[in-house]
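For clarity, every value in this text was computed on a predicted model and none was experimentally measured. Both counts, for ligands and for their atoms, begin at 1 and track the order of listing. What's counted below: heavy atoms across the whole structure, side chains too, no hydrogens, waters or symmetry copies.
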Amino acid sequence: MNAIGIEGLPEVRPGDDVAALIEERTTLRDDDVVCVASTIVSKAEDRAFDLSAFPASERARSIADRLEAISGEEKDPRFAQAVIEESDELVLEAPFILAATTFGHVAPNAGIDRSNVPDDDLLLLPEAPSASAARIRSNLDADVGVVVTDTCGRCFRHGQTGVAIGYDGISATRDWRGETDRDGHELEVTNESIVDELAGTANLITGEGDDGIPIVVVRDFEFGAHDGSENLFRDVDDDLVRDALRDWSFEGGST
Ligand code: GDP
Ligand code: MN
Ligand code: MN
């Protein structure tokens with residue numbers, strides 16, 4: 001398997017055709033997986049905003065006040081308002097906002113970015129990243145998979161990795177259940193999130209700063225003879241951790 005960063009992409013602007021930007025610079029092959037950083041999908045979809053677009057509600061002001069008291073840093077209530085508007089649920093309000101986006105991804109601050117956004121204060125995630133992936137894919141000549149990625153932290157571990165927030169033309173998971181290990185034992189649990197693994201692979205090349213490489217083509221990845229599933233995000237009803245977090249409240253002082 002090879003992962004190839006696409007060089008020479010410009011600053012992406014609202015209305016840009018991401019598929020055309022790719023095809024102007026490389027020739028894709030059938031079965032490639034094209035990983036696109038959500039940052040440029042958002043830019044192309046005109047998702048950059050000034051904070052002034054989010055006049056703060058009372059709830060946003062109270063969340064910002066609490067976060068300010070905890071962190072000792074100034075918090076703009078309009079940022080909290082943007083997070084509220086992008087979310088179905090705030091799973092945590094403190095010591096940081098953990099939000100379930102309207103499309104199912106759970107992330108600090110609903111994945112709203114303040115880096116790599118030149119002219120505005122905020123960059124919201126794409127409204128429906130799998131639909132974005134499908135649009136990009138349908139505008140490409142080759143029959144590829146498309147994964148929209150974002151950099152995200154994980155519970156229990158230091159550091160962030162690339163994760164998939166949307167995908168099309170590829171299964172979210174590779175299901176090993178019912179297959180056997182080297183000793184003939186049947187696998188009962190493992191349903192491998194390949195879109196996250198591909199996103200993590202891409203993120204090794206995109207970097208996080210001024211590299212200017214938001215698109216990575218993964219070539220010769222073999223899915224193999226496995227079942228797949230389209231589901232990446234857990235159903236709210238069978239997410240025990242989310243349930244537990246709802247009942248938990250942060251009592252600490254400063255962090
Ligand atoms: P995220 O992980 O989707 O939030 O995206 P990042 O902000 O981490 O950026 C991923 C990569 O894309 C980095 O290499 C950035 O330098 C690059 N990048 C971000 N925006 C643009 C852009 O508009 N044009 C180009 N060429 N690169 C960009
Ligand atoms: Mn991001
Ligand atoms: Mn990133």
Side-chain angles (χ1 to χ4, degrees), residues 3-26 33-51 79 82-83 85-87 96-133 135-137 145-155 157-168 193 195-218 232-233:
I4 309 145
I6 297 188
E7 310 265 352
L9 285 157
E11 178 64 31
V12 173
R13 321 249 25 133
D16 278 357
D17 177 347
V18 172
L21 291 173
I22 297 169
E23 285 179 335
E24 282 158 16
R25 289 168 182 79
T26 192
V33 182
V34 181
C35 300
V36 186
S38 53
T39 294
I40 66 155
V41 177
S42 294
K43 286 177 179 174
E45 294 180 359
D46 207 8
R47 300 277 286 159
F49 290 91
D50 206 82
L51 277 167
F79 182 77
V83 176
E85 291 184 24
E86 286 302 293
S87 306
F96 61 90
I97 310 178
L98 183 65
T101 64
T102 51
F103 60 90
H105 173 54
V106 180
N109 298 327
I112 298 175
D113 256 336
R114 305 183 84 164
S115 53
N116 285 320
V117 200
D119 304 323
D120 295 276
D121 301 324
L122 308 175
L123 190 63
L124 312 184
L125 288 180
E127 245 167 345
S130 286
S132 308
R135 268 194 303 278
I136 294 168
R137 179 167 172 251
V146 174
V147 177
V148 175
T149 71
D150 195 21
T151 308
C152 198
R154 293 90 33 86
C155 300
R157 311 172 80 90
H158 289 298
Q160 293 86 34
T161 69
V163 298
I165 60 167
Y167 44 94
D168 191 65
S193 175
V195 286
D196 280 340
E197 292 175 326
L198 290 163
T201 303
N203 213 81
L204 290 170
I205 294 172
T206 59
E208 299 296 337
D210 62 359
D211 310 70
I213 306 178
I215 303 175
V216 172
V217 177
V218 177
L232 181 63
F233 305 121

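- Closest approach between the Mn ion (ligand 2) and any N/O/S atom of D113 involves OD2.
- Of all protein heavy atoms, the one lying nearest to atom 9 (O) of ligand 1 is N116 ND2, 3.6 Å.
- Here the side chains of T102 and E127 are not in contact, with every heavy-atom distance at 4.5 Å or above.
- Of the candidates S38, P214, P118, P118 is the only one forming a side chain to side chain contact (heavy atoms under 4.5 Å, CB included) with K43.
- Formation of a donor-acceptor pair under 3.5 Å by the D16 side chain with backbone atoms of V18 is not found in this model.
- Using a 4.0 Å cut-off between heavy atoms, T149 contacts ligand 1 through its backbone alone, with no side-chain atom that close.
- When each atom of ligand 1 is checked for a heavy atom of T151 under 4.0 Å away, the hits are 2 (O).
- In the vicinity of E208, heavy-atom distances shorter than 4.0 Å reach the ligand 1 atoms 8 (O).
- When hydrogens are left out, the protein atom nearest atom 26 (N) of ligand 1 is L9 O, 2.9 Å; that is the closest non-hydrogen contact.
- Near I40, meaning under 4.0 Å from one of its heavy atoms, ligand 1 places the atoms 20 (N), 21 (C), 22 (C), 23 (O).
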| task | Given side chain to side chain contact (heavy atoms under 4.5 Å, CB included), test L232 with D196 step by step and report yes or no. | result | CA-CA 9 Å; L232 181 63; D196 280 340; 3.9 Å; yes

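- Ranking the protein heavy atoms by distance from atom 14 (O) of ligand 1 puts T206 O, 2.5 Å first.
- As for E208, its N/O/S atom nearest the Mn ion (ligand 3) is the one called OE1.
- Looking at P10 next to ligand 1, an N or O pair under 3.5 Å apart turns up.
- Atoms of ligand 1 lying under 4.0 Å from at least one heavy atom of V12, given by number and element, are 22 (C), 23 (O), 24 (N).
- When only interatomic distances are considered, the shortest N/O to N/O separation between K43 and ligand 1 falls below 3.5 Å.
- Using a distance-only test at 3.5 Å, with no hydrogens or angles considered, no donor-acceptor pair links the side chain of T151 to the main chain of G162.
- Residue A37 has no N or O atom closer than 3.5 Å to an N or O atom of ligand 1.
- Close approach of ligand 1 to D150 is summarised as follows: ligand atoms under 4.0 Å from at least one heavy atom of the residue are 1 (P), 2 (O), 3 (O), 4 (O).
- Exactly one residue among I97, L98, L122 makes a side chain to side chain contact (heavy atoms under 4.5 Å, CB included) with N109. That residue is I97.
- With a 6.0 Å radius and a threshold of 12 heavy atoms from other residues, nucleotides or ligands, R154 has its CZ atom above the threshold.
- Contact annotation: D150 places no N, O or S atom under 2.8 Å from the Mn ion (ligand 3).
- Interatomic distance, OG1 of T149 versus OH of Y167, reported as 14.5 Å (0.5 Å rounding).
- For D210, every heavy-atom contact with ligand 1 shorter than 4.0 Å involves the backbone, none the side chain.
- What sits closest to atom 18 (N) of ligand 1 on the protein, heavy atoms only, is P214 CB, 4.2 Å.
- Residue, atom and distance of the protein heavy atom nearest to atom 15 (C) of ligand 1 are G209 O, 3.3 Å.
- Residue D113 approaches ligand 1 through these ligand atoms, each under 4.0 Å from one of its heavy atoms: 4 (O).
- Nearest non-hydrogen protein atom to atom 1 (P) of ligand 1 is T39 OG1, 3.1 Å.
- Checking side-chain atoms of D46 against main-chain N and O of P14 turns up no donor-acceptor pair under 3.5 Å.
- Within the 3.5 Å criterion, the main-chain N or O of I6 finds no donor-acceptor partner in the side chain of R25.
- For ligand 1, the polar-atom distance check against S38 finds a nitrogen or oxygen pair separated by under 3.5 Å.
- Formation of a donor-acceptor pair under 3.5 Å by the T26 side chain with backbone atoms of I22 is not found in this model.
- Without hydrogens or angle criteria, S42 side chain to L124 main chain gives a donor-acceptor distance under 3.5 Å.
- Annotation for ligand 1: atoms under 4.0 Å from non-hydrogen atoms of G207 are 8 (O), 10 (C), 13 (C).
- Within the 2.8 Å limit, T151 places at least one N, O or S atom next to the Mn ion (ligand 3).
- Although no hydrogens or angles enter the test, the distance criterion places no donor-acceptor pair under 3.5 Å between the side chain of R137 and the main chain of G145.
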